[in-house]
Amino acid sequence: MSRGKPIGRLFLVFAMFALFMAGCEKPMSNVLDPQGKTGKEQLHLINLSVYIMILVCVVVFAIFFYVLLRFRRKPGDNSIPKQVEGSLTLEILWIVIPVILLVILAIPTVAVTFSQAKAAPKQQSDDFIRVKAIGHQFWWEFQYPDHNIRTAQELHIPVGKKVYVEVTSDDVVHAFWVPGLAGKVDASPGRINRVPIDAEKPGVYKGRCAELCGASHALMNFQVVAEKSSDFDKWVKKRQSPNSDPQTAEQKDGKKVFAQNCMSCHAIDGTQLKMRGNKAPNLTGFSSRNKIAGLLDNNEKNLDRWLHNPEEVKPGTYMPGFSHLDKKDMTSLKAYLQSLE
Ligand code: CUA
């Protein structure tokens, strides 16, 4: 038997696993190809531990096969080999070597963990932005305390800037995860966990809930939209003073339907009529979002599906169905929502 074979197989298994994992998502959502500083620092730690594991495997297997061959029973030799009971040198060696390896792993891990968990500087600055990410069953709320914006399902960030994310939850434990940008962070009620994110290039990065939190855990998706600073500023301006007033008669009717049915939970900023519900996603600029409920492509057919039977789309959601609305009300409600830019 050759010494390299099992290691070769181990590599093959690792390689296939990596290939499989890489194939799961588009490149923008690949843990092994992070698109920001935080993800890269974390990947370095993963690589360091993998290299140490490979080194340990190579050394252990080499010794194993050497012993197997060197001390195997030879034909005609029936003598009992020398009996060894404990070896102080060996005992010390196999305590000291793992301790050294653990220290090599621990120093950068602890340093990176603490530096990434740092809170944002108190003084507001152009170099970074602050965001609060709040998990709810089964959607994400994003607040920008410095910009006075509340939104849901879509986290807009400027490319190249550090984004200090404070992660928490409103109900059960969730976990905030944008595989292409940074590792998972628990979202626990009553607690704030921190992770800085940054994106090197514009694009849409997939976000996931990474902690089993109920029937629609697997559907608790969100998106990080990284855009050029100028585009981000435009988005901020639009969000700070949105024009949410309906234009057509149909949209005006729709606004009334919304006020009667939806505003106890949902908010729309920029309306004269105060729609300030905060139990459900803030719907300001709804039509410019890529997804409905963070999940369905944003088009009329899917909006219809979601409004009629949300339970079918997201089991366990607190959003009630509105199939009881008559056809005219439903049509005008959709027209109003689709007018919100
Ligand atoms: Cu929220 Cu899983």
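We count ligands from 1, going down the list as the structure has it; atoms in each ligand are counted the same way.
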Output field for angle at atom 1 (Cu) of ligand 1, Met220.SD vs Cys209.SG, rounded to 10°, should show 110°
Hey, would you say the His136 and Phe138 ring centroids sit under 6.0 Å apart? no
With carbon and hydrogen excluded and only N/O/S kept, which atom of His174 is nearest atom 1 (Cu) of ligand 1? ND1
Considering only NZ, NE, NH1 and NH2 on the basic side and carboxylate oxygens on the acidic side, decide whether Arg305 and Glu312 come within less than 4.0 Å. yes
Has His217 got an N, O or S atom lying less than 2.8 Å from atom 2 (Cu) of ligand 1? yes
Can you tell me which N/O/S atom of Glu211 has the shortest distance to atom 2 (Cu) of ligand 1? O
Indicate whether the side chain of Glu141 and that of Gln143 have a donor and an acceptor atom separated by less than 3.5 Å. yes
Applying side chain to side chain contact (heavy atoms under 4.5 Å, CB included), run through Asp297 and Lys291 and close with a yes or a no. CA-CA 5 Å; Asp297 286 340; Lys291 301 277 181 185; 2.9 Å; yes
